[in-house]
Amino acid sequence: MRISKLFGKTQRETPAEALMISHQLLLRAGMIHQVAAGVYSYLPLAWRVLKKIEDIIRNEMNEAGGQELTLPVLQPLELWQETGRDLAFGKSLFTLSDRKDHKLALGPTHEEVITKLVSHNVKSYRDLPLLLYQIQTKFRDEPRPRAGLIRVREFSMKDLYSFDTDEDGLSQSYDRMLKAYQNIYTRCGLPTLLIEADSGAIGGKDSHEFMVIAETGEDEVIYCDNCKYTANAEKAQSIKSKMESEEPLPLEEVATPGAATIEEVSSFLKIPKSKTLKAIFGIADGKLIFVLIRGDLEVNETKLKNALHCNEFRMSTGDEVAKAGIVAGAASPVGIKSIKVVADESITSGANFVAGANKPETHLKNVNHPRDFKVDLMTDIAQARAGEGCPKCSAKLSSIRGIEVGHVFKLGTFLSEKLGAFFIDPEGTSRPIVMGCYGIGLGRILAVAIEQSHDDKGIIWPLPIAPYQIYLCPLHPESPKIADTAEKLYTELETQGFEVLFDDRNESPGVKFNDADLIGIPVRVTVSSRTLEKDSVEIKKRSEKESQLVPLGKVVASLQKLISEDLPRLSK
RNA sequence: CGGGGCGUAGCGCAGUUUGGUUAGCGCGCCGCGUUCGGGACGCGGAGGUCGGCGGUUCAAAUCCGCCCGCCCCGACCA
C-alpha cells in the first residue's frame, strides 16, 4: 500500500477527549473515527488489524473443532422474554419496533437464537458434542461507553457456544476453549491472566475471565501469590479477621450525639469499627432490602445481587429509607419487621456489637445475633480486599487492575430447558443439552494490544496483528536513484508476500519517521542516499533502538528471518 | 440516573466575564519556491449555520430560556 493513497491521516495533536493511550494513538494514527458515544468507524489501518485478529481467532476456533456460522443481529424481543434475560440485560438491551409494531432487539449476545437453532437440528446424543461460533457485531447500550474502543456500544465479538450431553462433556469443551483462548492471546502478543469471574447477565455457574494487567483497567483482580488463586474482585472471596468470642452482655441504649457513620460512631464510643454493625439499604426489583455487615467491611453489590436472585438492584435513596420508618445513621436490625434482612457471615464472628437503635442519635450496645434480631438470608456478601486472607490457602491477598479481554461461561441447562433444546440419550430419555459460551471482543483486543505495547512515539504492533509488516521509507524519493530502488524493493517485497506500507510521499525525513513510529509498523526499511552509497538499506525494528545496514541483495532474506523470529510459537 | 466539564474551520485552542468593525491564532489542507536522516521555512490561498431552537436588543459567539451532543467521576456494565 502506498501511503499517498492510504485513506486516513495521522495527526500531530491529541484530541482532547481521549484520555487513554490506546484511544489517543488510534485517533492520532488515523485508525478510528467516533460517530457517536461508543460508536466508531474503523479506517483501513484499524480494519486490517481487526481482520488479522479475526483470522487468528477463526483459526483457533476451527482448530478446536468449532464450526462457523452467522446469526442475526435483529432478534424478536419475545425470544428474550422466553428466557427472562430481557430483564437481566435491562436497559443495556437495544430495542426497536418494526413497521407492524413488533418489538425487536439488537443482539447483545446470541444464546437465545443459537439455542433455538440447535433445538431444531439436534435431536440425538449422536449430534453432540457441538461447537458453533460466529464473529458478529453486538449491540449493548452501555450505561457509560468510555476509553475509546475499550467500552463501546457497537462492537465485533466472536461468540462460540458449546453443546454437550453432560457436565463432563461441558468440562471438556470448556477446557478446549481455555486452551484455544490462551493460543489466541499468545498469537496477539497479549499476556493474560485467567481469573474466576461472576457470570453477570449471561447467567450460569462457573465462569472465567481473561485479563490483561493494566493500570487503567476497569476491573480489580484479587490474587494470591502463594497458591495462584485469582478472581475478579466482584467475585473474589477472602478470609476476614476473626473476632474474639465473648459472653453476650445485656442490650444497652447509648446516646451518640452527632455520630452517624461507622467512622463517627466508633470514634465516639472508642471502639474498633469491627465491633460495629453497618446497615445499608438497597432496592431489589422494587423492594427495600436491609443489608447488614460488620462495620470494618464493605458490601459487594454483585454478590448481594446474586444472593437476592433479582434482576435489578441499586442502593436506595435516603427518602426511600426514611419512608420505611428507618432512621438513617442509626438504623437497626433489632426490631425490624416486614423488611427482608440480608446479612454477611462476618456478623457471626464476634459478639456484643454496636448497632443503631432506630432512634435519632442513639445506638445499641451489646447487640448479638440471633439473640436480638434475625436475618432472612445469611451469606457471603463482603467485598474481598487486598491484605485479607486467601480463601484457598489463607496467605495474604493482593490486588491489581486489569482489562477483560475474554469471558467464558459454563451455562448448564437453564437456557436449553427454557428454549426446549433437548436430545434423546442412548437410553431413550429426553434430556436438556448442557451449554457453555465463550466470548472475545475484537476491538478490545486491538485497543489492549496498544495499551500493552507503545512508547512516547506511538504504537508498537505485535507482528501478527500489525496492519502491515514493513514500513518502506525512501528519503528524498525525488532523487531518481532512491525512487527507483524503493519502487523495485516495493514490488519485490510484495511479490515475496510481505505486507508493505510504502511511504512514497515527498515529506521530510522527520515526518516520515514520526509517522512510521506512530502507526507502529514492526519493521522499517529506510532507503536513502546514505544507504545507497553502500548498496544497502537500513532495517530497524520498531521495538528496538538500533538499526542495521543490509546489502540490497540480502534484504529479502534478512526480512524473512526477522519476521519469522517475531511470530510467537504455540504449545498445543 | 447523580455530580463535574465542554461544544467557535479536519485537529488543538483564544474571544463569552463587560453585547458593537470583516470571528482570530497554531497544526493540518491547496499553490509556488527554498530546504530536508527525527514533525523545516517564506510568500500566497481555501475552509465557519460560533451545537440547535426560541427570546431580549438598534445590534448576540457573547445576555436569558429550552433542547441536543460529547468527555470525565460515580452508579451500572461481557
Side-chain angles (χ1 to χ4, degrees), chain A residues 8-20 23-24 27-28 30 33-39 85 88-93 107-111 138-148 150-153 155 157-159 197-204 207-211 216 218-219 232 234 282-283 301-302 305 311-318 403-409 437-444 456-458 473-479 482 505-518 524 526-533 538 540 545 547:
Chain A
K9 281 208 162 25
T10 57
Q11 264 177 223
R12 200 175 302 202
E13 278 164 310
T14 304
E17 77 263 14
L19 298 186
M20 227 181 211
H23 191 193
Q24 294 176 350
L27 289 168
R28 285 192 51 211
H33 185 259
Q34 182 169 1
V35 175
V39 179
R85 293 209 311 165
F89 271 89
K91 285 189 165 173
S92 295
L93 195 63
T109 175
H110 287 74
E111 283 83 10
K138 307 286 196 251
F139 293 85
R140 294 185 189 176
D141 197 357
E142 294 287 344
R144 188 149 90 83
R146 76 185 114 181
I150 301 286
R151 183 162 294 276
V152 289
R153 296 194 295 171
F155 59 102
M157 176 169 136
K158 185 285 302 176
D159 43 325
D198 180 71
S199 58
I202 299 288
S207 175
H208 287 86
E209 286 168 323
F210 287 88
M211 287 286 198
T216 44
E218 296 180 299
D219 290 283
N232 193 310
E234 60 183 29
I283 306 282
E301 283 186 43
T302 303
K305 186 181 169 187
N311 285 313
E312 211 185 325
F313 179 83
R314 61 178 173 84
M315 295 323 256
S316 60
T317 62
I403 302 172
E404 176 192 354
V405 290
H407 201 154
V408 298
F409 307 78
C437 78
Y438 315 84
I440 191 166
L442 309 208
R444 196 178 274 187
D456 56 340
K457 287 286 191 184
C473 189
L475 305 183
H476 310 299
E478 64 278 7
S479 140
I482 292 167
R505 301 171 300 174
N506 276 318
E507 289 287 351
S508 71
V511 170
K512 292 185 167 193
F513 289 152
N514 278 298
D515 274 348
D517 287 348
L518 176 58
R524 190 181 76 197
T526 307
V527 183
S528 71
S529 53
R530 210 188 273 180
T531 67
L532 288 187
E533 272 171 24
E538 178 195 270
K540 179 184 169 298
K545 262 209 146 73
S547 60

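In what follows, chains carry the letters A, B, and so on, assigned in the order in which the sequence lines appear, proteins first and then strands, with residues in each chain numbered from 1.
Remark: the A:Asp141 side chain and the A:Ser92 side chain contain no N/O donor-acceptor pair separated by less than 3.5 Å. A:Ser207 and A:His407 share a side-chain donor-acceptor pair at under 3.5 Å.
The same atom, C1', is picked in B:rC70 and in B:rU57; the two are 32 Å apart, to the nearest Å. For the P atoms, the distance from B:rA61 to B:rC77 is 46 Å, rounded to whole Å. When the P atom is used for both B:rC58 and B:rC6, the distance is 32 Å, rounded to whole Å. Comparing the C1' positions of B:rG12 and B:rU56 gives a spacing of 34 Å, expressed to the nearest Å. For the C1' atoms, the distance linking B:rU16 with B:rC43 amounts to 35 Å, nearest Å. Going from the P atom of B:rC1 to that of B:rG24 covers 40 Å, rounded to whole Å. On the C1' atoms, B:rC50 is 4 Å away from B:rU8, given to the nearest whole Å. Nucleotides B:rU18 and B:rC13 place their P atoms 25 Å apart, quoted to the nearest Å.
Between the base of B:rG74 and the side chain of A:Arg146 there is no donor-acceptor pair shorter than 3.5 Å. For A:Arg151 and B:rC77, a side-chain-to-base donor-acceptor distance below 3.5 Å is present, hydrogens and geometry of angles not being considered.
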Using nucleotides 30-37 of chain B, report all nitrogen or oxygen pairs with the protein that are shorter than 3.5 Å.
{"residue": "B:rC36", "atom": "N3", "partner": "A:His476", "partner atom": "ND1", "Å": "3.4"}
{"residue": "B:rC36", "atom": "N4", "partner": "A:Glu478", "partner atom": "OE2", "Å": "2.9"}
{"residue": "B:rG37", "atom": "OP2", "partner": "A:His476", "partner atom": "NE2", "Å": "2.5"}
{"residue": "B:rG37", "atom": "O2'", "partner": "A:Arg530", "partner atom": "NH2", "Å": "3.1"}
{"residue": "B:rG37", "atom": "N7", "partner": "A:Ser528", "partner atom": "OG", "Å": "3.3"}
{"residue": "B:rG37", "atom": "O6", "partner": "A:Ser528", "partner atom": "OG", "Å": "2.4"}
{"residue": "B:rG37", "atom": "N1", "partner": "A:Glu538", "partner atom": "OE1", "Å": "3.1"}
{"residue": "B:rG37", "atom": "N2", "partner": "A:Glu538", "partner atom": "OE1", "Å": "2.6"}
{"residue": "B:rG37", "atom": "N2", "partner": "A:Glu538", "partner atom": "OE2", "Å": "3.1"}

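Residue A:Ala18 is out of contact with every strand shown, counting any heavy-atom pair closer than 4.0 Å. Using a 4.0 Å heavy-atom distance criterion, A:Leu19 is classed as a sugar-phosphate-only contact. As judged by a 4.0 angstrom heavy-atom cut-off over every strand, A:Ala516 is placed among residues making no nucleic acid contact.
Proximity of A:Arg12 to the phosphate of B:rG28: a side-chain N or O atom is located under 4.0 Å from OP1 or OP2. Residue A:Gln34 places at least one side-chain N or O under 4.0 Å from the OP1 or OP2 atom of B:rC71.
Remark: side-chain polar atoms of A:Lys158 are paired, donor with acceptor, to backbone N or O of A:Tyr438 under 3.5 angstrom. Side-chain atoms of A:Glu507 do not come within 3.5 Å of backbone N or O of A:Lys512 as any donor-acceptor pair.
Of the two residues near RNA chain B, A:Arg144 and A:Phe155, the one whose nearest nucleotide lies more 5' is A:Arg144. In terms of position on RNA chain B, the residue among A:Lys512 and A:Glu13 whose nearest nucleotide sits closer to the 5' end is A:Glu13.
The pair A:Glu13-A:Arg28 does not count as a salt bridge, with every side-chain nitrogen at least 4.0 angstrom from each carboxylate oxygen. Comment: A:Glu142 engages A:Arg151 in a salt bridge, judged by a side-chain N to carboxylate O separation of less than 4.0 angstrom.
With rounding to whole Å, A:Phe139 atom CZ is found 18 Å from B:rC77 atom C1'. Summarising the geometry, the separation between CE on A:Met20 and C1' on B:rC70 is reported as 18 Å, rounded to the nearest angstrom. Atom CG in A:Asn514 sits about 13 Å away from atom C1' in B:rA40, given to the nearest Å. Atom CZ of A:Arg505 is separated from atom P of B:rA40 by 12 Å (rounded to the nearest Å). The separation between A:Arg28 atom CZ and B:rC27 atom P is 16 Å, rounded to whole Å. For A:His23 and B:rC70, the NE2 to C1' distance is 11 Å, given to the nearest whole Å. Between the CD atom of A:Glu17 and the C1' atom of B:rC6 there is a distance of 11 Å, rounded to whole Å. Put simply, CZ on A:Arg85 is 15 Å from C1' on B:rC77, counting in whole angstrom units.
In this structure B:rG42 sits in a base pair with B:rC32, meeting the Watson-Crick or G-U test at under 3.5 Å. The partner of B:rA59, taking Watson-Crick or G-U wobble pairs whose two distances both stay under 3.5 Å, does not exist in any strand shown. Across every strand in view, B:rG47 sits unpaired, with no contact that passes the Watson-Crick or G-U test at under 3.5 angstrom. With a cut-off of 3.5 Å on both pairing distances, the Watson-Crick or G-U wobble partner of B:rC25 is B:rG12. Nucleotide B:rU18 has no partner under the Watson-Crick or G-U criteria, as no pair reaches both atom distances under 3.5 Å. Shown here, B:rG54 forms a base pair with B:rC64; the pair counts as Watson-Crick or G-U wobble because both key distances fall under 3.5 Å. In this structure, B:rG74 and B:rC1 make a Watson-Crick or G-U wobble pair, each of the two defining distances being under 3.5 angstrom.
For the atom pair OG (A:Ser528) and NE2 (A:His476), the distance works out to 7.5 Å, reported to the nearest 0.5 Å. Between atom CG of residue A:Leu475 and atom OG1 of residue A:Thr526 there is a gap of 6.0 Å, rounded to the nearest 0.5 Å.
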Problem - Derivation of the salt bridge (charged side-chain N to carboxylate O under 4.0 Å, His left out) call for A:Glu538 and A:Arg524 - result: CA-CA 8 Å; A:Glu538 178 195 270; A:Arg524 190 181 76 197; 3.4 Å; yes

Exercise for the section: Apply side-chain contact (heavy atoms from CB on, under 4.5 Å) to A:Val527 and A:Leu532, showing your working. Expected result: CA-CA 7 Å; A:Val527 183; A:Leu532 288 187; 4.1 Å; yes

